[in-house]
Amino acid sequence: LTDTILLWQQSSLVMTSSNLLTLIKIVISGWVVITLCITFHLTTELDNSESFQLSFSEESSDVSTTTVASLPTSSAAVSASEHSQVVHQENHQPVTIAYAVSFIKCGDFQTQAAGLVDASIILRHSIHKISVRNPASKSKYDYKMYAIVHKDAEGCSAKLHDVGFEVVVVDRPVQQSEIRGEDLRKNVHREWCCGHDEFIKLYAYTLPEKIIVHVDIDYAFYKPMDHLFDAILFDKDSEEGRKARQSLELERPGEKLPDEIGAFITRDWTQVAPEKFPPGYQAGFIVARRDPTIMDEMVEVIKEGNYTDGWGRGHGWGGSGHGGYVGAMAMQGLVAYYYDHVRTGNAVELNQCRHNHMGTDVLYRNHPNYTPNRVKKEFLGGCRNAKEYCEDCQVTEFDKIYSVHYTQCRKPWQCMTQGAFKGRLPSGKRASAIDTGLVKLDHCLMLHREWHKLRSELERDLFKLTGDQTIFDSTKGTYKDDVFMGHCNEDGNEGYLLMTGTDETFKRIDELYNKS
């Protein structure tokens with residue numbers, strides 16, 4: 001274009017209308033060519049940029065997924081804000097919850113082989129049903145099963161690996177000789193149920209997942225607990241965090257919550273006389289943020305052994321009153337003392353009728369520890385937690401219950417349908433009946449029926465997978481079939497029919513749950 005203009009100047013062309021029109025055409029044609037070239041260049045650069053951004057986005061997604069799946073194994077705790085960032089970044093990838101049980105010994109009068117194998121399998125089945133792997137649950141959380149096994153119980157827990165548990169064999173974290181306090185050192189081994197061996201439950205805080213749920217083996221879940229997990233994972237001021245906190249079923253509704261929730265627990269109010277001593281921790285259930293430093297700190301408390309034998313204020317751990325009751329020297333007292341006096345503002349107490357449900361009477365009107373002449377008259381017949389109102393767990397509707405701890409109602413595999421005051425039949429031994437001084441018999445039988453429904457459902461699913469007819473050999477019991485679904489032949493431990501099937505069938509159980 002420039003050359004054309006120079007040529008025109010050099011030629012001393014006379015400006016005419018024809019020449020001017022020619023010049024204008026040349027200029028316009030030149031600008032069109034230049035515009036096309038610029039457009040082509042920009043389009044190419046934009047394509048390259050978009051291609052780079054897409055590649056980076058895909059790489060970021062892969063890294064984020066790995067971050068969620070490969071959780072940190074260091075001892076550092078992870079804050080709610082960090083958890084929240086992970087969940088936000090990876091909202092298309094379900095977060096995995098660690099569900100753990102502890103095997104401390106191979107059996108006692110309540111827990112024979114059924115409690116160590118059948119109960120584990122049914123527990124896992126119940127967890128699967130409330131997880132993201134079961135679309136009907138509407139949960140967004142996945143799960144992984146762990147068995148924390150005391151080295152002395154390793155032999156009777158061999159089947160757990162075949163049915164989908166990661167088995168972690170451990171020794172007690174504190175030896176009796178390491179305890180400096182005399183009262184604790186001399187007596188802890190006699191504590192219910194398992195003495196200082198029960199402290200292996202503390203290893204749950206060290207599992208790699210961001211949230212751990214630890215329960216006893218006599219347990220089953222019936223409703224998803226997403227709101228508990230959300231309340232731990234999300235910042236309290238986030239939309240998800242606020243919604244989760246508003247949904248919590250608290251033992252004391254309206255209670256101020258910590259800014260960062262470290263654990264959800266329930267308390268053993270059944271043993272409490274109102275305002276006489278603090279409630280212990282109910283050691284069969286906890287939902288907690290992964291934090292190995294908690295185990296470290298509790299182990300140091302045990303080793304210090306600042307425990308005074310006796311009942312009430314001035315006794316127990318640090319003279320706090322956490323002493324004298326069942327389990328006080330072990331987990332029931334230790335964990336309560338720890339969250340009440342060491343790491344305060346961390347644990348939240350849930351409604352014991354909805355979570356860790358035992359169907360127990362929580363009113364002060366019967367044993368245990370019923371001494372009406374030692375409490376204020378206004379507490380007689382009232383709530384053991386000294387509040388004006390408390391839910392009656394003996395009649396809580398089943399559709400409101402998230403999880404059941406089969407303790408006071410006895411184990412589902414004990415095949416008990418008879419009730420007696422203090423749990424002893426006139427001609428029977430200790431724990432020969434369901435204690436009708438603590439629970440309502442019809443409510444307990446309903447809870448047993450739900451557990452046996454889970455077992456029946458699992459047996460049907462397993463048959464569809466394997467075609468193994470021997471699965472049904474243990475479903476032909478005739479005792480109280482409306483409750484036990486063919487799994488019992490008579491009342492008591494000896495009446496329970498263990499789950500049957502070939503070794504190959506049991507090894508394939510995990511296939512039921514790896515399907516999405």
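FYI, side chains are in, hydrogens and waters are out, and symmetry mates aren't considered; it's all heavy atoms of this structure.
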Exercise. Under the 3.5 angstrom rule, does the side chain of D491 hit a backbone N or O of T417 as a donor-acceptor pair?
Worked result: yes

Exercise. Do the ring centers of H487 and H448 come within less than 6.0 Å of each other?
Worked result: no

Problem set entry | H355: which of F264, Y222, Y402 passes ring-ring contact (aromatic ring centres under 6.0 Å, His included) | Y402

Problem set entry | T505-D468 side chain donor-acceptor pair, cut-off 3.5 Å | yes

Problem set entry | Ring centre gap for Y281 and H322 strictly below 6.0 Å | no

Exercise. Any luck finding a side-chain donor-acceptor pair between Y219 and S126 under 3.5 Å?
Worked result: no

For this session: Applying side-chain hydrogen bond (donor to acceptor under 3.5 Å, both in side chains), run through Y203 and S102 and close with a yes or a no.
Result: CA-CA 9 Å; Y203 286 104; S102 292; over 6 Å; no

Exercise. Within the side chain of Q332, is there an N or O that forms a donor-acceptor pair under 3.5 Å with the backbone of A283?
Worked result: yes

Exercise. When you measure from the side chain of E191 to the backbone N and O of M329, does any donor-acceptor pair fall under 3.5 Å?
Worked result: yes

Exercise. Are Y364 and Y370 near enough that their ring centres are under 6.0 Å apart?
Worked result: yes

For this session: Ignoring hydrogens and angles, tell me if any N or O in the side chain of S474 forms a donor-acceptor pair with the backbone of L498 under 3.5 Å.
Result: yes

Exercise. Going from CG on L363 to CD on Q394, what distance comes out if it is rounded to the nearest 0.5 angstrom?
Worked result: 7.5 Å

Problem set entry | Salt bridge present between E504 and K507 (N-O < 4.0 angstrom) | no

For this session: Considering non-hydrogen atoms only, spot the tightest contact between R384 and Q271 and give its length.
Result: NH1-C, 4.2 Å

Problem set entry | Polar contact flag, side-chain donor to acceptor under 3.5 angstrom, Y496-D118 | yes

For this session: Without swapping roles, check the side chain of R424 against the backbone of S432 for a donor-acceptor pair under 3.5 Å.
Result: no

Exercise. How far apart are the C-alpha atoms of D473 and T500, what are their side-chain angles, what is the distance that settles it, and do they pass the side-chain hydrogen bond (donor to acceptor under 3.5 Å, both in side chains) test?
Worked result: CA-CA 6 Å; D473 289 350; T500 51; 5.0 Å; no

Exercise. Does G486 offer a backbone N or O that forms a donor-acceptor pair with the side chain of D481 under 3.5 Å?
Worked result: yes

Exercise. Under 3.5 Å, is there a donor-acceptor pair between the side chain of S131 and the main chain of H128?
Worked result: yes

For this session: Calculate, to the nearest 0.5 Å, the distance between atoms CD1 and NE2 belonging to I104 and H150 respectively.
Result: 8.0 Å

Exercise. Of all heavy-atom pairs between M358 and C409, which one has the smallest distance, and what is that distance?
Worked result: O-SG, 3.9 Å

For this session: Provide the full list of salt bridge (Lys or Arg N to Asp or Glu O under 4.0 Å) pairs with a residue in residues 271-285, sequence neighbours left out, each pair given once.
Result: E275-K376

Problem set entry | salt_bridge(D216, K201) N-O dist < 4.0 Å | yes

Exercise. Is it the case that R133 places NZ or CZ above or below the six-membered ring of Y513, under 6.0 angstrom from the centre and within 45 degrees of the axis?
Worked result: no

Exercise. In this structure, which one of R252, E391, E249, H357 forms a side chain to side chain donor-acceptor pair (under 3.5 Å) with N351?
Worked result: E391

Problem set entry | Flag for D226-Y141: side-chain donor and acceptor within less than 3.5 Å | no

For this session: Determine, step by step, whether K440 and D392 satisfy the salt bridge (Lys or Arg N to Asp or Glu O under 4.0 Å) criterion, reporting the C-alpha distance in whole Å, the side-chain angles of both residues, the deciding distance to 0.1 Å, and the verdict.
Result: CA-CA 11 Å; K440 290 187 180 298; D392 186 355; 5.8 Å; no

Exercise. Hey, are D340 and R267 close enough for a salt bridge, meaning a charged N less than 4.0 Å from a carboxylate O?
Worked result: yes

Problem set entry | Atom pair CG/CD1 of L445 and I434 - distance to nearest 0.5 Å | 5.5 Å

For this session: Find the distance between CZ (R172) and CG (L202) and round it off to the nearest 0.5 Å.
Result: 13.5 Å

For this session: Ignoring hydrogens and angles, state whether a donor on the side chain of Y143 or R124 is under 3.5 Å from an acceptor on the partner side chain.
Result: yes

Exercise. Just checking, K411 and Y406: is the charged tip under 6.0 Å from the six-membered ring centre and within 45° of the axis?
Worked result: no

Exercise. Going from OG on S403 to CZ on R354, what distance comes out if it is rounded to the nearest 0.5 angstrom?
Worked result: 12.0 Å

For this session: Calculate, to the nearest 0.5 Å, the distance between atoms NZ and OH belonging to K144 and Y99 respectively.
Result: 15.0 Å

